[in-house]
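To keep things clear, I will list the structure first and then write my remarks on it.
Protein chains get the first letters and strands the later ones, always in sequence-line order, with residue 1 at the start of each.
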Amino acid sequence: MGRSEYLGEFEQMVLLSVLRLGDEAYGVSIHEELARTTGREARRGAVYVALERLTAKGYLSSRYGDPSTERGGRAKRFYTVEPAGRAALRASRDALMHLWAGIEPELEQR
Amino acid sequence: MRVATWVLARLVGTPAAHAIAGDLAESIPVHGWRRRFEAWSIVFRLGSSRLRPRRKDARRPAGHGYAPRPAQGGGGLRGDVRFALRVFRAHPASTAIAVLSLGLGIGANAAIFSLLDNLLLRPIPVPRPAELVTTPTVFSHPDYLDLAEASSDELTGLAAWSATSRPYNLATGAGAWSMLAELTTGNYFDVLEVPAAAGRLLSDEDETQERAVAVISNRLWQTAFGSDPEIAGTEARVNGVPVVIVGVTSGDFRGTRVNRAVDLWLPLSLHPQLATGSRARLSFDSRGTQWLRILGRSRPDSGLPQARAALLAGAQQILATGPSPYLDDFAEVQAAEAAAVPRADEVSRFLTLMLTMVGAALLVACANVANVLLTRTAERRRELGLRMALGAPRRRLVRQLLTESLLLGAAGGLLALLFARWTLASVRLLEIPGRILLADVPLHLNTTTLIFTSLAALICTIAFGIGPAIVGTRPDAARLSHGSTTNRRGWTGPTALASVQVALTLALVFSGGLFVRSLGTALDVELGFDSRDVFVSDLDLGVAGYDAASAAEFRRTALASIESIPEVESAAWGLFVPVQRGMRMEAFRVVGHELRDEDPTDVALNYVSPGYFETLGIRLLAGRPFGEVDVDGSSPTVIVNETLASHFWPAGGAVGNRLNFPGPEGILELEIVGVAADTKRRGLREEPSPYIYLPIDQWTWLVGADQVRLAWRETAGTGATIDTVRARIAALDPGLPMPGLRSLDAQIFDQAMPQRVGATLLGMFAAMALLLAAVGVYGVIAAAMASRVREIGIRRAVGARASDVATLTVRRGLLPVIIGVPLGWVLALGASRLIESFLPGLSPTDPTTMAAATVVVVLAATVACLPPALRVARRDPALVLRAD
């Protein structure tokens, strides 16, 4: 767990979205937050798959809220980032930032 | 949606599945196909992510017949399934082809089979329908009672019913509806054994004690009352007579005739209050008034012959007491199921035609599946040979391959169900031979169809799975595992299959094209009036309780109200509005004219309001239209049509002459005030015949409160006035439904129904077959190229240009077309024999359609060749050779 595997790009984005949404992170809001910030709308299925995987890896935990009528009486499943998840995010960010360091001019040339 | 949630629950647990369902309900509020699509795509993703390893398999160059690593540690069925799924993910295109082909082919067959089942196999959806007997004879009430007593040994019960002559109005506080109804004896539902879905159904007490009760159909309960569980006890008015709705029938039961879907049942005893017109004079006690049909159920230990004998004996007893002309002829007692489908032979011929067509489409589909499996086995010969060389038992490998086939079949079967459902939903507006409106036939998929579909899927997959499985695991496969093969024989099979596909598809496209053409010809007629921007509706004032005077008043007021709507250019009433069934005729003479042999003595007629000609755009060739002066009491007038005018006055000058015509107190003289252009009236293929128009306001006593048609012309033609007109009529009388409200164009389109049905259904199946055949051709080339990769690589390496190689590919791909097209011509000619009877007027060997069909098929095949050709041309030969 953790060190030996890198977070997939999409998984990172999902984790970050959950972090941004704080207490309000559930299926619909995560999907919307991703669309809003990345400018691309991900497939719903991909979001749920990522959430499942991240939960399996221990980076996310979930709890159920209260049912509401506009959802046909079904509860929302809220996600929270676990410390292991934060650690994985930090590790990914650090790795990427080191790789990015000094590279910007390279990118500009093409 | 529920199915999807259930599957999700199996994957991620129930609470999580419900949460996802809730998310979907929140973000897609409308419960339609979009939500269902999203749900299933989530299921697919979650499902496949569960079953596949977390790391993506390293990509390897295509065309080498590679396969994923053999199952690790997963023995047994579960491992086989996992492995199969990985194979599918590795070959998404060919898997999709196989599943799609199976789904479309089996689905189309399931749809037609469902039609067959509901129409011919089980036309009366009640328990043990084979026990029901009936006869075409119509009986009087006393005779029925005697027959019931005489047959009580052989029948559990004999019921009687009377079909209403015209649709009845049902009005509650919530609205008014027009529907077909039946008046029945109290034991009707007992004999049929139809259970109640809510409340209770009719009983003997209702009949003897003349209670004003009514039973509605399940369909009406759903559409008009939203399946309200509190429906029993609802007060309503039927044709103005107060009744209480006491219950709802369950299931699909809507009467015992498939072409007459009934939504309302009332006890016989209500007849005197409900009957209108001539029916009101029927007497319950007279043996001379025949108006009832009988329906009985044989006892379990008895049968049709005994029932027939008992009823005939009963008739004899009645005849012994006194003469009865109709009972003498009464001989035919038949099974009610046989009587349920009028013109059953026509219906079954039509369905046979459809079955043949979808059967052909299924063959095309199966060819694809066979192709896919054959090709894949050929590609994997290396892998299989290797595994066998390493000691894997043959049975194990065959089981593996069979599992793959079965999974494909299962997926195809599921898709087939969805496609069948969609097909049936799309054809609801059609009417098949026998005047059976498909909207009235219960067309949801029932258990029989499900079993049929599953069986078909199973047979297809085993048939196409076993062959390749056995061939691919032959002992000498081990020898072939060394080096790749330039296997010429690798594509003879696929080519043959694809040729058959092309042939079948050509026949299907040709047949579909014939129907489309005949539809065009049917509609391309000179109507004699301008149907654009015109809307029509029926209005039955008689069943709403109006008499002649109040009906005339209503018509006047309603017309004024509708014409005052700004977007309405003009409006009119007519007994008939072309093109529709129904007509009236009357005898006539021309005043002062010597009757010759060739003169017509009867003429079809219509009663119309003054604005009729203007609203329908019927040209007046001479004289004037009707106007304010042509009302009750003023000098009687008539407008004749061109045919009648030119028959009697070929040089012209019909206006001013007079016709003798029967009136209320003797023969009237009608003055001809105008000549109108001929129009089509009852069918699109009519020959012109004499016709006269009478002013409806001069004949109010005769027209009375009969059902009339309202027509109005919009300035814009967008249909924007429909709701306004509806509101205006409702403002005058809220209990008056407006059945058949639609554009005149739609009414005319319906006249070409037989051609429409053929064109729609066959068009769908032909398009489907075209897609499948194109896919088949694509598969052939893909297979051919896969086995010749090395050869092509060498050709490129020694200098062949990309275009040369691409041309080679296309030529290979067109081989099935070259073989298949002539074969297809032969098949098409055979198909046209089948269709001939359904296409009056069109030559079955129509060369234009044949040419068009051929072009379409060749084009589709050529397009299918392009992707592989391009891919082959772009491939880097160095890569290809090195990888070997």
Item to check | Set of salt bridge (Lys or Arg N to Asp or Glu O under 4.0 Å) partners for A/Arg77, sequence neighbours left out | outcome: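 Counting only residues at least two positions away or on another chain, A/Arg77 forms a salt bridge (Lys or Arg N to Asp or Glu O under 4.0 Å) with A/Glu52.
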Checklist entry - Which pair of heavy atoms, one from A/Arg74 and one from B/Gly22, lies closest together, and at what distance? => result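 Distance-wise, the nearest heavy atoms are CD-N, 3.6 Å.
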Checklist entry - Should the heavy atoms of other residues, nucleotides or ligands under 6.0 Å from CZ of B/Arg10 be counted, would the total exceed 12? => result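 Atom CZ in B/Arg10 is crowded, with more than 12 foreign heavy atoms closer than 6.0 Å.
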Item to check | With sequence neighbours excluded, residues passing side chain to side chain contact (heavy atoms under 4.5 Å, CB included) with B/Arg45 | outcome: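 B/Arg45: side chain to side chain contact (heavy atoms under 4.5 Å, CB included) contacts with A/Arg43, A/Ala46, A/Val49.
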Item to check | Partners passing side chain to side chain contact (heavy atoms under 4.5 Å, CB included) against A/Arg63 (at least two apart in sequence or in another chain) | outcome: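 Expected list: A/Phe78.
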Checklist entry - Pick from B/Val43, B/Leu8, B/Val12, B/Asp23: which one makes a side chain to side chain contact (heavy atoms under 4.5 Å, CB included) with A/Tyr48? => result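 For A/Tyr48, the side chain to side chain contact (heavy atoms under 4.5 Å, CB included) test succeeds with only one of B/Val43, B/Leu8, B/Val12, B/Asp23, which is B/Asp23.
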Item to check | Within residues 12-37 of chain A, residues adjacent to chain B where the heavy-atom gap is under 4.5 Å | outcome: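 Only A/Tyr26, A/Gly27, A/Val28 of residues 12-37 of chain A have a heavy atom under 4.5 Å from chain B.
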Checklist entry - With only heavy atoms counted, which part of A/Tyr64 is less than 4.5 Å from chain B, the side chain, the backbone, both or neither? => result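 Only the side chain of A/Tyr64 comes within 4.5 Å of chain B.
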Next on the checklist: So which residue, B/Ser41, B/Ala16, B/Ala39, B/Pro29, ends up with the most heavy-atom pairs under 4.5 Å with chain A?
Outcome noted: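 Looking at each option in turn, the highest pair count goes to B/Ala16.
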